[in-house]
Structures are given as structure tokens and as C-alpha cells.
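What follows is a short report on a single structure.
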Amino acid sequence: MTLPEPNQTLIEIIRDRIKNTPDQKITFADYMELVLYHPEQGYYTSGMVDIGKAGDYFTASSLGSDFGELLAEQFVEMWQRLGKPKRFDLVEMGAGKGELASDIFNYCWHNYPQFLACLQYRIIEQSPSLTQQQKQQLQPWQQKGNLRWETWEDIPNQSVMGCLFSNELVDSFPVHRVKIENDNLKEIYVTLNGEDEGTPFTEITDDLSTPQLDQYFQDMGINLPSKDYPDGFETEVNLAIIPWLETISRCLQKGYLLTIDYGYSAEKYYQPKRNAGTLQCYIQHQRHNDPYYLIGKQDMTAHVDFTALETYGKHYHLEPLGFTQQALFLMALGLGNRLNSLSQGGQSVMQVLQKRDALHQLIDPMGLGGFGVLLQGKGLTANEQEPPLRGFTEKT
Ligand SMILES: C[S@@+](CC[C@H](N)C(=O)[O-])C[C@H]1O[C@@H](n2cnc3c(N)ncnc32)[C@H](O)[C@@H]1O
């Protein structure tokens with residue numbers, strides 16, 4: 001496969017943005033926001049993004065229908081736990097190509113028609129090109145009238161009864177990058193490179209752009225900087241989760257927030273030996289860590305700090321109800337039975353092998369199976385919170 005050229009229009013936009021700041025630099029978070037989400041030229045907004053075999057990266061939902069079907073089992077149990085209300089809202093945030101929603105709808109159509117009749121499915125999606133793909137993928141369900149695309153502004157306060165969820169969304173929020181220099185915590189900024197330097201941008205460090213960064217480490221109980229950390233230690237901070245959680249709480253009257261993503265607890269994320277951070281870029285299934293390569297044509301992500309989601313969630317009345325690994329979550333929801341039933345015939349050898357491979361990938365502890373699954377709840381009675389939902393019952 002040939003590699004694309006960098007997006008020169010986007011590079012000019014970023015150049016202008018930097019030139020128009022008083023000290024000729026923008027935070028890395030601002031750079032990442034522009035590169036991924038500039039309204040016309042960003043990787044996610046310009047139509048460059050593609051997920052799956054022909055694209056830049058796989059997600060669990062691009063591996064087949066099992067992930068969505070097992071998730072559907074969990075949503076049905078949530079609905080039952082809430083007393084089978086006549087309206088159950090599912091709000092998918094960052095829906096990619098719409099495959100997950102399609103798998104959920106198809107599975108419920110065949111297995112849980114009563115649940116489907118109560119379901120109001122909304123998608124919140126930032127990328128216009130992916131929204132188009134979602135609309136195509138989900139055309140049959142749109143016509144039935146219980147599926148809509150909305151922005152946060154469309155959702156009235158305290159109106160959602162059900163579950164808001166995301167798969168691999170939070171890792172794509174823009175992150176600030178910080179670095180320890182001479183025992184001080186500094187921030188990494190992006191500035192212009194010299195005319196003949198090859199790449200248009202380079203990095204410099206300076207004082208923190210916001211006291212929220214210091215506050216974040218205090219909130220996480222991470223003593224940074226300190227003698228435990230080597231000089232040059234670099235890491236990321238995802239401050240965007242804070243307004244995101246606030247918005248979710250504003251919308252959610254009663255129900256759940258389910259977040260699936262790769263990441264760690266704060267203690268593990270910010271351990272001194274992880275001294276180069278977790279920033280990663282993806283292009284055509286190649287992973288590397290150069291955010292200035294093929295600008296606008298590659299994806300960029302950072303691991304999720306699940307302690308931060310729990311801590312800031314609590315600020316907004318989103319109480320932690322469970323945390324597990326994706327492998328355990330899916331096994332508890334029936335993935336093991338699916339593996340067993342593969343040997344019961346009815347499919348060609350090739351189909352069995354492909355299906356087995358997809359199921360194994362979903363639970364591979366070094367890959368998707370090691371992802372974190374966090375459940376938070378709001379407005380729930382004690383009986384609605386306990387016992388744990390099925391996906392959170394499998395222990396290591
Ligand atoms: C890595 S993809 C995951 C897609 C999908 N959930 C899946 O499992 O295949 C991230 C998705 O989140 C969307 N996205 C990123 N930031 C967003 C935001 N702030 N609000 C809504 N969608 C967002 C992207 O456009 C994309 O659809």
C-alpha cells in the first residue's frame with residue numbers, strides 16, 4: 001500500500017494558528033485537536049479516517065458481530081434491572097462506522113424484541129464522514145424510527161434514562177503532554193521548525209498552560225515531580241474527560257455510563273518506569289510514536305487513565321459500580337459458550353476458524369482482552385446497583 005502525502009492545507013492552518021499566538025507556540029493538546037478534529041481538515045473530519053482491515057486500525061466491532069451482541073446482552077440486563085421501562089435510552093458516543101450499533105440492533109431484533117420496542121438509540125459523533133457511513137450502515141433501523149444522530153446540545157438536561165457508552169472514544173481525546181525538567185513539571189508545546197528542517201513543527205517545553213495539570217496529579221495522588229521520577233520523564237494528561245463527564249452527568253437522569261478502552265489505573269499509568277508516555281499513532285495498521293509524521297493522515301491516541309474517569313466521575317455524581325478487563329467482561333456475558341458451540345457443527349471449517357480467531361482476539365490479554373471496562377452509575381437505587389451486572393461478575 002502506498003502512503004498518503006501529509007495534509008498541506010492542515011499544516012498551513014496549524015502554522016497560522018501558531019504564528020497568531022503571542023509566544024508562537026500551542027499546547028500539544030491544541031495541536032492534537034487540530035490534527036484530528038479541525039472542522040474541515042482533521043483526520044476524523046476530512047474523510048481520511050477508516051477503521052478495519054482496509055483502514056488504519058482495528059477495533060473490537062470491526063472483528064465481527066460478537067462484541068456488539070455480547071454488549072447487547074449487558075444492555076438488556078441494565079433495562080431489566082431498571083424495571084423494563086417503556087423507554088430505554090442507549091447513547092453511543094463515537095460510533096465509528098456504525099458496526100457496533102448495527103450488531104446491537106440485529107441481535108436484539110432476533111433475540112430481544114421487547115427490549116428493542118423500548119429502545120431509543122442515539123449516536124453522538126464528531127466526524128461528518130463517519131456519520132455518513134453510520135447512516136448508510138444503519139439505514140434499516142433509521143426507518144423504524146428509534147435511532148437518531150444528535151449533538152450534546154440536542155439532549156435536554158436530566159433526560160437520559162438508560163446507558164451512555166463508548167468503545168475506544170476516550171483514547172482519542174486530545175491530551176496535554178508534560179515533562180520533568182530539572183525537577184520541575186513543564187508542558188510540551190508545539191512551535192514552528194526552521195524553514196529547512198524537514199518537518200514543519202518541533203517541540204519546546206515551558207511552564208504549564210493551566211493549573212488544572214498540577215491539580216490533576218494531586219487529584220490522582222501522584223507525586224509529580226519528585227525524586228522517584230527521572231529527569232526527562234514524559235507523560236500525558238487527558239483533561240478533556242472532565243467536561244465530557246460533566247456533560248454526561250448533565251444529560252443522565254438515571255442509569256449507567258459504560259466506557260471500554262485501553263488504559264491503566266493512575267498508579268500504573270504514571271509509574272516512573274513508563275517514562276515516555278503512551279502517545280501512539282496509527283497508519284495502515286503500523287504503530288509508531290511520531291505525531292508529526294503524515295500530518296492529518298494518521299490517527300493519534302493516548303491510553304486512558306481509568307482512575308481519573310472514576311475520580312472526576314464522582315465529582316459529577318457518577319458513582320463507580322465496577323471495573324474489569326474486556327476478556328472477563330465478555331466471558332461473563334457468554335463468549336465462552338460461543339467458543340464451545342463452534343465445535344457443534346453447522347459451519348464450514350473456514351467459518352469456524354475465522355470465528356474462533358475473532359473470538360480469541362476479543363479476549364487476548366495482550367490485545368483487546370486487556371482493555372479496561374468501567375461502569376459508572378447515577379440516580380440508581382441500592383437494588384439497581386447490586387448485585388453487580390453480569391459483565392462484572394467474572395473474577396481473575
Ligand atoms: C477510535 S474510533 C472508535 C469507533 C467505534 N467506537 C468502534 O468501536 O469502532 C473513535 C470514534 O470516536 C469519534 N469521536 C472522537 N471524538 C469525539 C467526540 N468528542 N465526540 C463524539 N465522537 C467523537 C470518532 O470520530 C470515531 O467515530
Side-chain angles (χ1 to χ4, degrees), residues 29 32-72 90-104 121-138 148-155 163-175 238-248 251 257-263 280-283 285 287 296 298-304 326 329-330 358 361-362 367-368 371-373:
M32 188 164 165
E33 171 80 37
L34 286 167
V35 163
L36 296 183
Y37 305 112
H38 177 274
E40 288 92 36
Q41 299 296 334
Y43 171 76
Y44 277 100
T45 40
S46 63
M48 275 318 297
V49 58
D50 195 4
I51 304 168
K53 199 170 175 195
D56 294 322
Y57 56 89
F58 283 110
T59 61
S61 36
S62 51
L63 287 175
S65 59
D66 295 281
F67 182 66
E69 293 175 3
L70 293 167
L71 260 183
L90 259 186
V91 182
E92 183 177 0
M93 301 169 284
K97 292 166 83 165
E99 290 166 311
L100 189 50
S102 173
D103 296 336
I104 292 169
Y121 204 110
R122 294 127 180 235
I123 292 181
I124 302 212
E125 174 55 60
Q126 179 128 337
S127 157
S129 66
L130 288 175
T131 303
Q132 274 318 106
Q133 291 186 42
Q134 292 159 15
K135 288 188 171 166
Q136 256 174 4
Q137 172 85 21
L138 294 163
R148 300 196 292 284
W149 279 259
E150 293 189 333
T151 65
W152 288 116
E153 289 69 38
D154 297 326
I155 303 185
C163 179
L164 299 106
F165 75 101
S166 66
N167 181 53
E168 295 201 42
L169 166 72
V170 181
D171 69 80
S172 65
F173 288 174
V175 289
N238 186 340
L239 290 181
I241 61 161
I242 301 173
W244 178 69
L245 289 164
E246 186 179 9
T247 303
I248 286 167
C251 297
L257 169 63
L258 184 73
T259 307
I260 305 174
D261 219 317
Y262 39 92
Q280 289 173 346
C281 305
Y282 290 87
I283 181 152
H285 298 280
R287 188 172 66 182
Q298 62 170 5
D299 193 22
M300 208 182 287
T301 81
H303 280 48
V304 172
Q326 179 165 304
F329 179 71
L330 297 179
Q361 282 193 59
L362 289 176
L368 295 169
F371 279 26
V373 184

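Both ligands and their constituent atoms are indexed starting at 1 by order of listing.
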TODO: Say whether E168 and ligand 1 are in contact under the criterion: heavy-atom distance to a ligand atom below 4.0 Å.
DONE: yes
- [ ] Check if S62 has a non-hydrogen atom at a distance under 4.0 Å from any atom of ligand 1.
- [x] no
TODO: Provide the number and element of each atom of ligand 1 under 4.0 Å from a heavy atom of L130.
DONE: 25 (O), 26 (C), 27 (O)
Task: Within-shell test, L100 vs ligand 1, heavy atom, strictly < 4.0 Å - done: no
Open item on the list: Is there a polar contact, in the sense of an N or O pair closer than 3.5 Å, between D299 and ligand 1?
Closed with: no
TODO: Please confirm whether F173 comes within less than 3.5 Å of ligand 1 when only nitrogen or oxygen atoms on both sides are compared.
DONE: no
Open item on the list: Donor-acceptor pair, distance only, cut-off 3.5 Å: does the side chain of S61 make one with the backbone of L100?
Closed with: no
Task: Within-cut-off N or O pair, G94 and ligand 1, under 3.5 Å - done: yes
Open item on the list: Check the orientation of Y44 and Y37. Use parallel for under 30°, tilted for 30 to 60°, and perpendicular for over 60°.
Closed with: parallel
Open item on the list: Ignoring hydrogens, what is the shortest heavy-atom contact between I124 and T151? Give both atom names and the distance.
Closed with: CD1-C, 4.3 Å
Task: Heavy-atom nearest neighbour of atom 24 (C) of ligand 1 within options Q126, E33, E125 - done: E125
Open item on the list: Show the atoms of ligand 1 that are less than 4.0 angstrom away from any heavy atom in G96.
Closed with: 4 (C), 5 (C), 27 (O)
- [ ] Pick whichever of L169, I260, I124 has a heavy atom sitting closest to atom 14 (N) of ligand 1.
- [x] L169
Open item on the list: If you define the side chain from C-beta out and look only at heavy atoms, does anything of T259 sit under 4.5 Å from V304?
Closed with: no
Task: Element-labelled atoms of ligand 1 that are located less than 4.0 Å from some non-hydrogen atom of S61 - done: 7 (C), 8 (O), 9 (O)
Open item on the list: Would you compute the distance between atom SG of C281 and atom CE of M32 and round it to the nearest 0.5 angstrom?
Closed with: 8.0 Å
Open item on the list: For atom 15 (C) of ligand 1, tell me which residue out of Y37, Y44, W244 has the closest non-hydrogen atom.
Closed with: Y37
TODO: Report yes if the side chains of T301 and R287 come closer than 4.5 Å at any heavy-atom pair, otherwise no.
DONE: no
TODO: Classify the contact between T59 and ligand 1 as side chain, backbone, both or neither, using a heavy-atom distance cut-off of under 4.0 Å.
DONE: side chain
Task: E99 side chain vs G64 backbone, donor-acceptor pair below 3.5 Å - done: no
TODO: Examine distances only and state if a side-chain atom of E125 and a backbone atom of A95 form a donor-acceptor pair shorter than 3.5 Å.
DONE: yes
- [ ] Report, in ascending order of atom number, the atoms of ligand 1 lying under 4.0 Å from any heavy atom of S172.
- [x] 15 (C)
Open item on the list: Do I242 and E246 have side chains that approach each other closer than 4.5 Å (heavy atoms only, starting at C-beta)?
Closed with: no
